[in-house]
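One structure is given here, and the rest of the page talks about it.
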Amino acid sequence: MAQLPVEINKVTTDIVVLGGGGAACRAALSARQAGAAVRLVTKAPLNAGGSTVHGASELMGMGAAGFGTAADSTEVHYEDTMRAGRGFIDPVLVRVLAEDAPARLKDLLELGVDLDRDPSGGYKLMRSDFGTHARAVSVSGKTGKAFVSALAAALARSAVAVDENMALVDLVRDAQGAIAGVVAYDASRRLLVHYEAPAVILGTGGMHGAFEQQVSTPEMTGDGQAICFRHGAELVNLEFHQFGPALVHPYVQLLSGSCFGLHPRLLNARHEEFLAAHVPSGVDLRDVYESKAFPFTTSNNSRYIDISMAREIDAGRGTARRAVYVSFASVPRERIEAVMPNTVRFMRERDLDIQRELLEVGIAFQCMNGGVRMTGPDAQSTIPGLFVIGEVAGGVRGPDRPGGNSLAEGQVFGHRSGAAAAALAKARKAGAAASLDITLDFLACVMGQQRKGCDLAALTREVQTVMQRHCLVEKTADGLNAALSTVLRVQREIEDHVALTPESLVQGLSVRNLAQASALVLRACLNRNETRSAHYRLDYPAVEDASYLHSFVMRRSGNGVAIDPYHY
């Protein structure tokens, strides 16, 4: 076994859950309720990191049928989701999502989640983008935070062990390739932990840290995506990700499409209105504003809001924060209060007046729609014993998806994976850790004194700069290839040259994962030579159903990447 300048401990348990968001917390609770011994391992402190906790907007909610009009049903929810993503999502998984969501919402109510009410006393329901009926419930625009708070309290009551500030280093597998646990590291204690377990649930989230502007927390660096790829798992739909206008100052928050329906003024750093200059002749500015949805989509004229903002920023006419100004000064206050009550409240809590502030708004990354492919309704992956849930998982989100589905997915597949992992742990013990020495040898290599030091923050900024510029609104082969060259160089720099210390190990491995996950996304974008929803290729501006009405899966092939069509 390799010699390392850090302490190594071993912990044996039934199930390890990685992540601290809504999906991971739900999985840990369900596994514990099924009788398993569970360790919840989080990179950030519980209740402090991840997109579930930090997401906030006018339409932040969970979609579940049965709480509103009798015309809505799980079948309608299923059809709404399939209509938005048919050809790119697994019908079996979507059926499970729609049918299980109501029960999982009832679980949350039993845990004490206090949903918003309408004046009649019933639940306040929102109709999200791509939804036929109002079925999304909310908690004052910060629904995910309320979910995690309730689940974390339930975990404490259930005596689930929570190991905070532990970064996932690697999966551990036995000689047959099945999961045998994970390795994680706590830099503050210089402690490397080998968690021995026959089942692992991965809920490590997205790759928000790959972009200069994002609406969550930067510790999500694509760890799960990169590590699963290195272990040969299949990933699907990585070219589809969500982004759109978001406040970047005076605080960070998504701006839902309804906010633009108020026709605010869009100003560059010179205080010049710019939207009309980027809208083709014959396109009505009123339609551009009033058709706005979040996230960015090429399916209607609202795309020119995002396009114009990105072009002004890239042309150097943005603010120092890579943003433009949005002003609601000319909008009647009563209309603002009616359409943007959460935003008005968030601002008042900070002693801000939405009509007086020049809001700095940029194009911010929100969510990956693709991820490690789920192979069955219990969130299994292509690696035996590994379950994938939340944003790290793929198979239920295609180019478009109804709003409210993301929080529902976390609860539905978190619960199912927890129960299934508990059953697996009862049926088998963890095999011998055949791959552990490979992991430890790699760590010994990157911590070797013969290697050079490096500015890891600068490498991170390099990745963020090219991903923000070339992998959000407008994409071209030239831009994507330039970004790919940069992120591959950063990945090689970490793997081949940089000397990491016990203090810098988490940051260094995170940059490595960030670069590798970014490279996978860039390759996926290069592979889809068409425009579809948020995947906007200037060099391939048309939708090409004849060649591209299906998903692609990516997997490791030797030292390269194999990309193959996948038909759901």
What's the spacing between [X] [atom1] and [Y] [atom2] if we round to 0.5 Å?
X	Y	atom1	atom2	result
Q380	M374	CD	CE	9.5 Å
Y536	C525	OH	SG	15.0 Å
Q242	D400	CD	CG	8.0 Å
F274	M309	CZ	CE	6.0 Å
R532	E239	CZ	CD	9.5 Å
D223	L514	CG	CG	8.5 Å

Testing the 3.5 Å rule here: is there a donor-acceptor pair between the side chains of [X] and [Y]?
X	Y	result
T132	D80	yes
N481	R523	no
T531	T298	no
H231	D170	yes
H77	N405	yes
S30	R26	yes
H133	T69	no
H208	Q366	no

Whether [X] side chain and [Y] backbone form a donor-acceptor pair below 3.5 Å:
X	Y	value
S291	S302	yes
Q464	G209	yes
S73	V76	yes
S308	I305	yes
R127	G131	yes

With a 4.0 Å cut-off on N to O distance, would you call R397 and E409 a salt bridge?
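Yes.
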Charged N to carboxylate O under 4.0 angstrom, R311 versus E474?
yes
Can you list the steps and then say if D284 with R286 is a salt bridge (charged side-chain N to carboxylate O under 4.0 Å, His left out)?
CA-CA 5 Å; D284 186 351; R286 180 172 295 275; 5.4 Å; no
Hey, does [Y] have a side-chain heavy atom less than 4.5 Å from the side chain of [X]?
X	Y	result
Y548	E530	yes
I494	L456	yes
V466	E462	no
V324	E360	no
M62	F147	yes
C228	L386	yes
T221	K43	yes
M467	L472	no

Is the ring pair F240/H535 parallel, tilted or perpendicular, if the boundaries are 30 and 60 degrees?
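Perpendicular.
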Can you classify the ring geometry of H241 versus F211 as parallel (below 30°), tilted (30 to 60°) or perpendicular (above 60°)?
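The rings of H241 and F211 sit tilted, inter-plane angle from 30° to 60°.
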Answer with yes or no after comparing the ring centroid distance for F260 and Y289 against a 6.0 Å cut-off, counting only values under it.
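Centroid distance F260-Y289: not below 6.0 Å, so no.
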Residues 85-98, side-chain donor-acceptor partners within the protein, below 3.5 Å, at least two apart:
| residue | atom | partner | partner atom | Å |
| --- | --- | --- | --- | --- |
| R86 | NH2 | E79 | OE1 | 3.4 |
| D90 | OD1 | V92 | N | 2.9 |
| R95 | NH1 | E75 | OE1 | 2.5 |

Should the pair R512 and F442 be classed as cation-pi, given the thresholds of under 6.0 Å to the six-membered ring centre and 45° from the axis?
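Output yes; distance and angle both within limits.
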Test salt bridge (charged side-chain N to carboxylate O under 4.0 Å, His left out) on D306 and K292 and set out the steps.
CA-CA 10 Å; D306 310 70; K292 187 71 182 88; 3.2 Å; yes
So which atom in A408 and which in A101 form the shortest heavy-atom distance, rounded to 0.1 Å?
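For A408 and A101, the tightest heavy-atom pair comes out as CB-CB, 4.3 Å.
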With sequence neighbours left out, which residue pairs that include part of residues 555-565 fulfil the salt bridge (Lys or Arg N to Asp or Glu O under 4.0 Å) condition?
E234-R555, R555-D564
Quick check: are there more than 12 heavy atoms from other residues, nucleotides or ligands sitting under 6.0 Å from CZ of R265?
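Not buried by this count: 12 neighbours or fewer within 6.0 Å.
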Y540 and R528: CA distance, side-chain angles, deciding distance, side chain to side chain donor-acceptor pair (under 3.5 Å) verdict:
CA-CA 9 Å; Y540 295 96; R528 184 168 290 279; over 6 Å; no
